Amino acid sequence: MANKITITQPDDWHLHVRTGNILKAVLPHTARQFARAIIMPNLTPPVSTVDRALRYRAEIIQAIPENTPFTPLMTLYLTDATSREEIEKAAQSEHLYACKLYPAGATTNSDAGVSHVSRIYPVLEAMQQHDLPLLVHGEATDSEYDIFDREKIFIEQTLDAIVKRFPALRIVVEHVTTQEAVQFVQTADANIAATITPQHLLFNRNALLAGGIRPHHYCLPILKREKHRQALVDAAVSGSSKFFLGTDSAPHLQQRKESACGCAGCYSAHAALELYCEVFDRADAMDRLEGFASFHGADFYRLPRNRSTITLVKNTWKVPSDYPVDADKLIPLKAGETLAWRILEQW
């Protein structure tokens, strides 16, 4: 196997950067490796209007390290009250690239999400008309459903209906976690795609529950069985343009992760590309990393592929145990562990 690889600079098609001092702490990790990123809108209050999205974009721009080319791609948070007029305004903006569907109560800061998808059918129709992609957090949220089945049920009860009712709507099934989700995307039309996170490629649910609860492996959708993890790996390394990189890197301070709150989210931005390299290397598929990381997402969003490149070398290094944020810390994915790949510029 090769010990060095150079690829077109990738993009992160699903990223949380928060706001304030957390934003300032985490954004340099993303900007050192990704040229662009789709920014998630689940702040408090949510980024549910174009005006809020533009203000948030300005804050992100201010946090980008000097002499580091990085472009935030903004999204709108859909609510029951989102209007067709707001969608038209978003479509006319050069900085808005998609809208995000959070079922109410599905994940962090999703209480303002959509209570029932039928309530936003006029909005989805406007998005289809203006060719504005829909990004879906695909989980059913009724308390009667087992948490390990929520993605499968959402696909059966909600997503399939959306696809049939709006056949031209471009949809990204975010952070897929199950064999059923992979199969749904594979058999759907070309306007349906999916992002895959590093944690769902690296871990099954044993990493969360075996030998004690590990809060820094807790994310939503939750880690699943090994057969599902393997289905995700197979999809990522397959070369299919329907699957592309989306870290879902989600920073939470240590005191909130290791508490009764147990906030959902894994922080992976510190070593995202290196973590994906480990997956592709183990699968003997390094020749397909560039498509997954650098081409498929840009093509789906109908954006130009990046022209810059990034080089990684196979040289072990130890992930820091934490990253300070004011008087608290962020605990990164694989904290204190050794990784095999490293971005050359950081070596």
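Given the structure is predicted, the values throughout are model-derived calculations rather than measurements. The figures that follow rest on heavy atoms only: side chains count, while hydrogens, waters and symmetry mates do not.
Here the shortest heavy-atom pairing between P46 and R52 reads O-NH1, 3.0 Å. Of all non-hydrogen atoms in V47 and L43, the two that sit nearest each other are CG2-CD1, 3.9 Å. Of all the heavy atoms in L312 and C277, the pair that sits closest is CD2-SG, 3.7 Å. When all heavy atoms of A298 and D11 are compared, the pair lying nearest together is CB-OD2, 4.4 Å. Taking both residues in full, the closest heavy atoms of N206 and N204 are given as N-OD1, 2.9 Å, listed atom of the first, atom of the second, then distance. Across every non-hydrogen atom of Y267 and I331, the tightest pair is CB-O, 4.1 Å.
Within a 6.0 Å radius of CD in E66, other residues, nucleotides and ligands contribute 12 heavy atoms or fewer. The neighbour count for R205 CZ, taken as heavy atoms of other residues, nucleotides or ligands under 6.0 Å away, is above 12.
Looking at heavy atoms from C-beta onward, N191 lies out of side-chain contact with Q128 at the 4.5 angstrom threshold. Using a 4.5 Å heavy-atom cutoff, the side chains of K242 and I192 are in contact. Within the 4.5 Å cutoff, no side-chain heavy atoms of T30 are placed close to those of S249. In this structure, F154 and V136 have side chains that are in contact, with non-hydrogen atoms separated by less than 4.5 Å. Between L275 and T247, every side-chain heavy-atom pair lies at or beyond the 4.5 Å cut-off. When side chains are defined from C-beta on, P167 does not count as touching D189, because their heavy atoms never get closer than 4.5 Å. Within the 4.5 Å cutoff, the side chain of F166 has no heavy atoms near those of the I171 side chain. Under the 4.5 Å side-chain criterion, counting only non-hydrogen atoms from C-beta, E174 is not in contact with D248.
One distance of note links NZ of K314 with CG of N3; it measures 6.0 Å at 0.5 Å rounding. With rounding to the nearest 0.5 angstrom, the CD1 atom of I5 is 5.0 Å from the CG atom of L289. Expressed to the nearest 0.5 Å, how far CD1 of I222 lies from NE2 of H200 amounts to 8.5 Å. Summarising the geometry, atom NE2 belonging to H270 is positioned 9.0 Å from atom CZ belonging to R32; distances are rounded to the nearest 0.5 Å. Taking CD1 of I87 as the start and CE of M127 as the end, the distance is 5.5 Å to the nearest 0.5 Å. Distance CD/E290 to CD/Q9: 12.0 Å, rounded to 0.5 Å.
Remark: side-chain polar atoms of Y77 are paired, donor with acceptor, to backbone N or O of G113 under 3.5 angstrom. A distance-only check finds a donor-acceptor pair linking the side chain of E59 to the backbone of G20 [under 3.5 Å]. Judged by distance alone, the side chain of Y56 and the main-chain N or O of R18 form a donor-acceptor pair under 3.5 Å. Formation of a donor-acceptor pair under 3.5 Å by the R288 side chain with backbone atoms of D284 is not found in this model. Remark: the backbone N or O of A269 is paired with a side-chain donor or acceptor of Q33 at under 3.5 angstrom. Of the possible donor and acceptor atoms, none in the side chain of D142 sits under 3.5 Å from a partner among the backbone N and O of E144. For R305 (side chain) and D299 (main-chain N/O), no donor-acceptor pair under 3.5 Å exists by modelled atom type. No side-chain donor-acceptor contact under 3.5 Å links D80 to the backbone of R119. Remark: the backbone N or O of A90 is not paired with any side-chain donor or acceptor of S93 at under 3.5 angstrom. Remark: side-chain polar atoms of T68 are not paired, donor with acceptor, to backbone N or O of I64 under 3.5 angstrom.
For the 3.5 Å distance criterion, the side chains of Y323 and H29 fail to qualify, holding no donor opposite an acceptor. If you check the side chains of K224 and T178, you find no donor sitting under 3.5 Å from an acceptor. Side-chain atoms of H116 and S118 include a donor-acceptor pair closer than 3.5 Å. Remark: the H216 side chain and the E258 side chain contain an N/O donor-acceptor pair separated by less than 3.5 Å. For the 3.5 Å distance criterion, the side chains of S268 and Q199 fail to qualify, holding no donor opposite an acceptor.
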Run the side-chain contact (heavy atoms from CB on, under 4.5 Å) check on M40 and I38 step by step: do they pass? CA-CA 7 Å; M40 292 295 107; I38 285 281; 3.5 Å; yes
Working for side-chain contact (heavy atoms from CB on, under 4.5 Å), residues L96 and K89: CA-CA 9 Å; L96 271 292; K89 189 175 179 180; over 6 Å; no
Evaluate K334 against F203 for side-chain contact (heavy atoms from CB on, under 4.5 Å), listing each step before the verdict. CA-CA 11 Å; K334 293 221 168 193; F203 305 129; 3.9 Å; yes
May I have the step-by-step check of side-chain contact (heavy atoms from CB on, under 4.5 Å) for K257 and L330, ending in yes or no? CA-CA 9 Å; K257 284 292 285 181; L330 284 173; over 6 Å; no
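Look at D328 and R256 and you find no salt bridge, because none of the NZ, NE, NH1 or NH2 atoms lies under 4.0 Å from a carboxylate O. Salt bridge present: K164 and D160 bring a charged side-chain N and a carboxylate O closer than 4.0 Å. Remark: R282 engages E278 in a salt bridge, criterion side-chain N to carboxylate O under 4.0 Å.
In the hydrophobic clustering of ILVMFWY residues, with side-chain heavy atoms under 4.5 Å counting as a link, V279 and F295 come out apart. There is a path of hydrophobic side-chain contacts, each under 4.5 Å, that joins L220 to I196. Both L333 and L339 are part of a single hydrophobic cluster, where members link through side-chain heavy atoms under 4.5 Å apart. At a threshold of 4.5 Å between side-chain heavy atoms, the hydrophobic network of Ile, Leu, Val, Met, Phe, Trp and Tyr places Y145 and L223 in two separate groups. Residues L134 and V185 fall within the same hydrophobic cluster, defined by Ile, Leu, Val, Met, Phe, Trp and Tyr side chains chained together at heavy-atom separations under 4.5 Å.
Classified by interplanar angle (parallel below 30°, tilted 30° to 60°, perpendicular above 60°), the ring pair W13/F244 is perpendicular.
Annotation: H175 is in aromatic contact with H137 [ring centroid separation under 6.0 Å].
F34 pairs in a side-chain contact (heavy atoms from CB on, under 4.5 Å) with only one of the listed residues (T71, L15, L245), which is L245.
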